[in-house]
Amino acid sequence: MKVRTRFAPSPTGFMHIGNLRTALYSYLYAKHNGGDFILRIEDTDRERYVDGAVEFIYSILKQAGIEHDEGPDKDGGCGPYVQSERKDIYLQYAKELIKKGGAYYCFCDKERLDSLADENGIKKYDKHCLNLSREEIEQKLSSGVPYVIRQNIPTEGMTEYTDMVYGTIRVPCEDMEDGVLIKSDGLPTYNFANVVDDHLMRITHVMRGTEYLSSTPKYNLMYDVFGWERPQYMHLPPIMKDAQHKLSKRYGDANFEDFIDKGFLPEAIVNYIALLGWAPKSNEEKMSLSELVDAFDVDGISHSPAIFDENKMKWLNGRYIRELSFEDFMKHAVKFFDSSVIKDKYDYNKFGKLLQGRIEIFSEIPSAVAFIEEFGEYDLSLFEHKKMKTDAKIAEVCLTEAIKIFEDIKDFNETEIHDRLVGRCEELGLKKGQMLFTVRVGLTGCASTPGGAVEMADILGKDESLRRLAFSLGLIKKHA
RNA sequence: GGCCCCAUGGUCAAGCGGUCAAGACAUCGCCCUUUCACGGCGGUAACGGGAGUUCGAUUCUCCCUGGGGUCACCA
């Protein structure tokens with residue numbers, strides 16, 4: 001049987017990293033096995049629906065390179081792929097389930113339901129309406145009393161299934177509640193819709209978070225009553241923000257879009273989250289989507305929660321940045337240059353060439369180039385460098401020399417700057433590093449810059465370089 | 001609280017009865033170098049606790065502890 005997996009997000013306007021990982025794993029599993037990946041929109045909760053959220057989902061999936069074979073925009077014969085458009089289907093199946101004894105009408109109002117709470121505030125429905133006679137039901141139905149349809153779960157017995165990642169899960173029936181299948185607004189709950197849709201859409205493997213691990217037996221009970229074949233399940237461990245909190249938007253934790261805005265590459269994000277909760281057989285961690293498809297296996301899925309480490313994702317992103325062609329690098333970098341001090345003033349390419357090899361995320365750009373506009377008093381300890389054996393004193397000598405040299409250079413270019421500076425070092429018995437280090441600091445007043453002394457001087461130009469060197473020299477003398 | 005699940009360095013993680021317990025991020029040190037960065041090399045750092053089973057447990061079983069999930073007309 002052809003493998004069919006699905007990703008079924010709710011259109012809430014956000015794409016959590018955890019959700020995206022579920023989509024990714026579902027996609028990887030399907031593609032690894034030559035199967036199809038289906039996109040279904042679960043919008044049965046009208047209160048959470050956000051306009052434009054479906055387009056947003058398409059956009060994220062596209063950026064991530066996760067392409068669906070079927071979905072609202074790609075009919076594969078199992079549509080509609082939006083749950084709100086399937087309302088009649090659910091009702092029809094709910095009625096069938098009632099006929100088969102797997103569900104029943106419930107007319108209890110909120111007040112009665114609330115009264116069922118135990119000392120811990122936990123409510124468990126008492127099957128009150130299961131005992132209604134056919135006449136009572138008909139009467140209430142025809143007189144328009146609001147109702148829901150509940151699942152009829154056996155009061156005793158054990159139900160079990162084998163999860164592909166967690167193994168055998170057993171839950172006593174008495175621990176499960178007769179949950180609502182069809183809400184009073186006529187729409188199904190997730191609990192029902194997912195069962196009906198997965199079956200109708202011929203989903204063979206269901207991947208989702210562990211929060212469904214213990215409610216899956218309820219779904220299986222429905223499959224059984226319907227006489228449908230149960231799908232295979234793969235529950236995925238949660239992604240955590242720290243040891244005790246899940247990553248979630250409720251606490252303002254970053255989602256996919258935020259990371260893109262921060263200057264992460266989609267490929268790097270996808271690569272990183274693939275590794276959060278799954279490990280390849282090999283030790284290679286930088287993997288393209290197609291490499292992930294090849295390598296993906298259920299065995300490698302972890303059972304315990306994983307803490308999201310932005311640091312490691314940054315490192316990975318840095319590797320991706322370095323492998324970009326210069327053109328692609330600039331394409332991503334432009335908007336960050338645009339929001340930096342060099343906008344409209346300097347050649348982006350010049351900075352880009354220096355920066356591609358040293359930044360990890362694009363948002364580092366503005367601060368990396370800030371030195372070009374921001375220059376003033378700085379701490380002279382910046383001139384201290386143990387290995388180079390430099391300090392403010394050496395700097396005074398070097399800067400004095402550098403000023404003379406710069407003044408003397410007619411064609412102010414990198415080669416000339418470098419050769420003259422280095423040449424002078426030999427005459428004076430100074431180390432190259434001493435000269436270049438102090439000049440770099442003297443030119444920028446920064447501990448870290450996008451390039452060395454030569455590049456900085458070249459970018460600043462002769463006049464500005466001279467001005468800054470003079471300023472730095474003055475600074476040193478003032479504090480001497 | 002009931003039920004379900006999980007437990008290797010700070011983090012992600014290999015491991016699936018016998019290993020000096022991989023690798024990666026971070027961190028530290030060294031090298032390279034035109035600072036930082038990049039790159040290269042190396043160091044520090046882990047099996048939560050207690051009983052079993054076994055000739056031998058990180059690995060199997062049980063208990064404890066810790067953590068997560070779930071108990072909605074949300075998904």
Side-chain angles (χ1 to χ4, degrees), chain A residues 8-10 12 19 42-45 47-48 106 110 113 118-124 146-150 163 166-167 169-172 174-177 179-185 187-191 193-194 208-217 235 237-238 240 242-246 272 275-286 299-300 302-316 318 322 354-360 368 382-383 385 387-388 390 418 421-422 432-433 435-441 444 446-456:
Chain A
S10 292
T12 58
N19 279 149
E42 307 218 331
D43 59 346
T44 56
D45 183 4
E47 303 197 355
R48 292 208 302 176
C106 171
K110 189 171 185 303
L113 259 20
D118 65 11
E119 60 275 12
N120 290 317
I122 308 283
K123 294 172 255 189
K124 186 180 174 193
Y147 70 92
V148 299
I149 295 178
R150 285 181 185 274
D163 185 86
Y166 285 93
I169 307 294
R170 276 190 202 85
V171 178
E174 59 173 331
D175 290 332
M176 294 183 274
E177 189 190 21
V180 170
L181 266 21
I182 299 290
K183 300 182 275 190
S184 53
D185 65 3
L187 284 169
T189 58
Y190 167 84
N191 297 322
N194 98 83
R208 44 153 87 121
T210 48
E211 61 267 32
Y212 297 105
L213 198 58
S214 49
S215 52
T216 296
H235 286 95
M240 312 290 284
D242 56 46
Q244 33 269 120
H245 302 284
K246 247 171 108 164
Y272 177 67
L275 263 20
L276 253 194
W278 172 77
K281 292 266 186 294
S282 79
N283 263 334
E284 185 50 51
E285 299 202 285
K286 182 171 176 295
D299 264 11
S302 137
H303 297 185
S304 43
I307 298 174
F308 190 89
D309 182 5
E310 191 169 326
N311 235 337
K312 183 153 182 177
M313 187 163 77
K314 264 190 192 167
W315 162 77
L316 205 48
R322 262 160 258 129
L354 296 173
L355 257 13
Q356 184 173 6
R358 61 179 73 218
I359 60 172
E360 289 191 317
L382 286 181
F383 284 113
H385 190 285
K387 215 172 54 179
M388 293 291 175
T390 66
H418 174 266
L421 244 25
V422 170
K432 290 192 289 187
M435 173 65 83
L436 294 161
F437 178 86
T438 53
V439 169
R440 186 186 67 82
V441 174
T444 62
C446 293
S448 146
T449 53
V454 177
E455 289 91 353
M456 293 302 95

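Note on naming: letters A, B, ... go to the chains in the order of the sequence lines (proteins, then strands), and numbering restarts at 1 for each one.
The interatomic distance linking A:Glu177 (CD) with B:C3 (C1') rounds to 13 Å, in whole Å. Protein atom CD1 of A:Ile307 is 18 Å distant from nucleotide atom P of B:G66, rounded to whole Å.
Nearest to the side-chain atoms of A:Lys246 among the listed nucleotides B:C6, B:G69, B:A13 stands B:G69. Set against B:G23, B:C6, B:C74, the side chain of A:Thr189 has B:C74 as its closest nucleotide. Considering only the side chain of A:Asn311, B:C25 comes nearest among B:A75, B:C25, B:C12. Here the nucleotide nearest the side chain of A:Tyr166, chosen from B:C5, B:C3, B:U34, is B:C5.
Residue-level contact check: A:His418 touches the bases, meaning some heavy atom is under 4.0 Å from a base atom. Backbone-only contact: A:Leu275 has heavy atoms under 4.0 Å from sugar-phosphate atoms and none from a base.
Residue A:His385 and nucleotide B:U35 are not classified as a stacked aromatic pair, given the requirement of ring centres less than 5.5 Å apart at an interplanar angle below 30°.
Within the structure, every side-chain polar atom (N or O) of A:Lys314 is placed at least 4.0 Å from both OP1 and OP2 of B:A26.
Straight-line distance between the C1' atoms of B:C36 and B:C74: roughly 50 Å, to the nearest whole Å.
Across every strand in view, B:A14 sits unpaired, with no contact that passes the Watson-Crick or G-U test at under 3.5 angstrom.
One can find a donor-acceptor pair under 3.5 Å joining the base of B:C73 and the side-chain atoms of A:Ser184.
Note on ring orientation: taking the six-membered ring where Trp is involved, the planes of A:His303 and A:Tyr166 are tilted (angle from 30° to 60°).
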